[in-house]
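To keep things clear, I will list the structure first and then write my remarks on it.
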2 protein chains.
Amino acid sequence: MDDKDRQIIRALQRDGRISNQDLAAQVSLSPSPCLRRVRNLEKAGVIRGYAARVDARACGLAITAFVRIRLERHDETTVQTFEREVGRMQEVTECHVMTGQTDYQLRVVVASLDAYEAFIRARLQRIGGIGSIDTSFAYGIVKDSPVFPAE
Amino acid sequence: MDDKDRQIIRALQRDGRISNQDLAAQVSLSPSPCLRRVRNLEKAGVIRGYAARVDARACGLAITAFVRIRLERHDETTVQTFEREVGRMQEVTECHVMTGQTDYQLRVVVASLDAYEAFIRARLQRIGGIGSIDTSFAYGIVKDSPVFPAE
DNA sequence: AGTATTTTGGCATACTATGCCAACGTGAGG
DNA sequence: CCTCACGTTGGCATAGTATGCCAAAATACT
């Protein structure tokens, strides 16, 4: 992982569909070694994939919520059940294990407040073992960048 | 925005570098109309771009923190200064305007706890006008999906 | 300095995107 | 029921792009 790799990563975070030729030009390599580096980063798991960045509102998904959750117990069964079920729920786009007051922070994307309430009551609570839920809604985006900080 | 567009969006969220031919096959179209739909979604701003999904740890960025911030005042100057400065900071990859107790939630990515402390003290606090900061660190990822829920 | 190993760049081939045009389907108005 | 207008589709020719292979260059190790 040298400086060229880092340049490549940042360029691909900015534009995941840049052509290999343009990418090679940006990092001052010829196309062959550039492509080989990209493939190596993919195989090594540094690049986990590529994704379109989509406007949730334009897709009719008006509500983005960050949900902090504490479990009632932390035995293996409760934890595994929670993580498995959350992994299956399409509405949950992210789930982080957290330090501090809460065990998990979820990012939940749904169409409406009604859909949010239905999700919490009919799907999330039904998992069982959840001690507390604390929701904050995002109603504006100041910044959303796929690019990591440089050194 | 019909059903085919929704299929296209989901396919591109799963794999942003899928070839147009494969995408067309997935959504049961021929390449030409498929590509035209993709370009229209891009022009309409539904697809905001494409990005490589990169493993932060593998890049030496061990710390991901969610930072909840309240401003001291909410006058135009304080708000604009905060949002402008946060937009410029590479360590802040996301900044959402929130409902409830806190004004903003930031996602901060840095190399180490030391770097985090330095960021908070030397850069974030220096913006001025910040009333309170509450940090939670993410130390594990259960789920991280770029795909929105389907109907 | 010399050798082993890795990385690079050029090239030929196969694949992919893209603009153009004709054909198809759909819906509204007569 | 017809027909016209509009939007969408699919095929095709062209231009652009990726990718595997090989020799050359650079780098690291003794």
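Chain A is the first sequence line, chain B the second, and so forth, proteins listed ahead of strands; every chain is numbered from 1.
Within residues 1-15 of chain B, no residue is approached by DNA chain C to less than 4.0 Å at the level of any non-hydrogen atom. Contacts with DNA chain C (heavy atom under 4.0 Å) in residues 43-54 of chain B: none are found.
A straight line from CG of Leu35(B) to P of dC12(D) spans 18 Å, rounded to a whole angstrom. Atoms CG (Asn20(A)) and C1' (dA18(D)) sit 7 Å apart, rounded to a whole Å. Rounded to an integer number of Å, the gap from CD of Gln21(A) to P of dC11(C) is 14 Å. The interatomic distance linking Leu23(A) (CG) with dA18(D) (P) rounds to 9 Å, in whole Å. Regarding Leu41(B), its CG atom lies at a distance of 15 Å from the C1' atom of dT8(D), rounded to whole Å.
Ring planes of Phe82(A) and Tyr104(A): tilted class, angle from 30 to 60°.
With no hydrogens or angles considered, a side-chain donor-acceptor pair links Arg73(A) and Thr78(A) at under 3.5 Å.
Looking at heavy atoms from C-beta onward, Val110(B) lies out of side-chain contact with Pro149(A) at the 4.5 angstrom threshold.
Taking only side-chain nitrogens and oxygens, Arg37(B) never comes nearer than 4.0 Å to OP1 or OP2 of dT8(D). Residue Arg39(B) has no polar side-chain atom (N or O) positioned under 4.0 Å from OP1 or OP2 of dG19(C).
Contact annotation: side chain of Ser32(A) to base of dG10(C), donor-acceptor pair present below 3.5 Å.
Residues Val54(A) and Met1(B) fall within the same hydrophobic cluster, defined by Ile, Leu, Val, Met, Phe, Trp and Tyr side chains chained together at heavy-atom separations under 4.5 Å.
Salt bridge Arg123(B)/Glu91(B): present, at least one basic N to carboxylate O contact under 4.0 Å.
Nearest heavy-atom pair, Glu72(A) versus Ile130(A), reported as atom, atom and distance to 0.1 Å: OE2-O, 3.6 Å.
Under the 3.5 Å distance criterion, the side-chain polar atoms of Arg68(A) are left unmatched by any main-chain donor or acceptor of Ile133(A). A donor-acceptor pair is defined here as one N or O able to donate and one able to accept, closer than 3.5 Å; no such pair exists between the side chain of Gln105(B) and the backbone of Val67(B). The main-chain N or O of Val92(B) is found under 3.5 Å from a side-chain atom of Lys143(A) such that the two form a donor-acceptor pair.
Taking for each of Asp22(A) and Leu29(B) the nucleotide of DNA chain D with the nearest heavy atom, the 5'-most of the two is the partner of Leu29(B). Position along DNA chain C of the nearest nucleotide to Pro31(A) versus Arg17(A) favours Pro31(A) as the more 5'-ward residue.
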